[in-house]
Amino acid sequence: MWYTASILFRVEQVEEMPTYCETLVVLKADSDDEALLLANQWGKEYEDEIWETNGKKTRWVYDQVLDVWELFDEEIRSGTEVYSRFWAAPPYLDE
């Protein structure tokens, strides 16, 4: 089965407030539990330190798996839905 995992990273630069990055990855697994395990492994392996063009070191720190979602389609192709969320109201609307 195919799954999408939503993985959260903290992006840190020296002397600056951290920002966060949500990354969606597609995983092949036999169960929800295996997909969660693979998502955690992927997040830990993706951690990195890089030097930006501005000369600052940036750290990508794995934080957590936010969600694992089984895909409905057995084959990944153009138009395959890979993730969705539900809200009572869109989060970008001012109330």
Side-chain angles (χ1 to χ4, degrees):
M1 295 175 282
W2 287 103
Y3 289 84
T4 298
S6 170
I7 303 171
L8 184 66
F9 291 91
R10 189 175 62 252
V11 183
E12 302 173 340
Q13 283 192 338
V14 176
E15 300 177 11
E16 293 188 25
M17 293 291 294
T19 56
Y20 292 86
C21 176
E22 179 182 11
T23 301
L24 301 177
V25 296
V26 176
L27 303 166
K28 184 82 167 173
D30 292 325
S31 68
D32 293 357
D33 290 339
E34 183 184 6
L36 180 60
L37 177 70
L38 291 172
N40 277 297
Q41 289 174 347
W42 192 94
K44 291 173 186 174
E45 290 173 8
Y46 196 81
E47 285 187 320
D48 200 4
E49 287 188 355
I50 58 172
W51 288 96
E52 300 288 347
T53 56
N54 63 8
K56 293 184 179 182
K57 187 184 335 182
T58 300
R59 292 182 62 218
W60 285 75
V61 181
Y62 167 71
D63 192 79
Q64 64 180 301
V65 174
L66 297 173
D67 197 9
V68 173
W69 177 269
E70 184 180 348
L71 303 183
F72 296 115
D73 295 334
E74 292 182 18
E75 180 183 325
I76 303 231
R77 60 188 180 288
S78 181
T80 298
E81 179 182 354
V82 295
Y83 194 72
S84 60
R85 295 188 202 190
F86 295 91
W87 287 280
Y92 51 82
L93 293 180
D94 292 330
E95 297 193 24

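We count residues from 1, following the sequence as given.
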Are [X] and [Y] connected, step by step, through hydrophobic side chains (Ile, Leu, Val, Met, Phe, Trp, Tyr) whose heavy atoms are closer than 4.5 Å?
X   : Y   : result
W42 : L38 : yes
V61 : Y20 : no
L24 : L36 : no
Y3  : V26 : no
V25 : M1  : yes

Check against side chain to side chain contact (heavy atoms under 4.5 Å, CB included), Y62 and F9 | CA-CA 5 Å; Y62 167 71; F9 291 91; 4.1 Å; yes
Start with the C-alpha distance between K56 and W51, add both sets of side-chain angles, then the distance that settles side chain to side chain contact (heavy atoms under 4.5 Å, CB included), and finish with yes or no.
-> CA-CA 6 Å; K56 293 184 179 182; W51 288 96; 5.8 Å; no
Could you state the interatomic distance from [atom1] ([X]) to [atom2] ([Y]), rounded to the nearest 0.5 Å?
X   : Y   : atom1 : atom2 : answer
R59 : D48 : CZ    : CG    : 10.5 Å
D67 : L8  : CG    : CG    : 12.5 Å
C21 : D63 : SG    : CG    : 11.5 Å
L66 : S6  : CG    : OG    : 4.0 Å

Evaluate the side-chain proximity of [Y] to [X]: yes if any heavy-atom separation is below 4.5 Å, no if none is.
X   : Y   : result
D32 : V68 : no
E47 : W60 : no
I7  : Y46 : no

T4 side chain to V82 main-chain N or O, any donor-acceptor pair under 3.5 Å?
-> yes
Indicate the atoms forming the closest heavy-atom contact of [X] with [Y], along with that distance.
X   : Y   : value
E75 : T80 : O-OG1, 3.5 Å
D73 : E81 : OD2-N, 4.3 Å
A5  : A39 : CB-CB, 3.6 Å

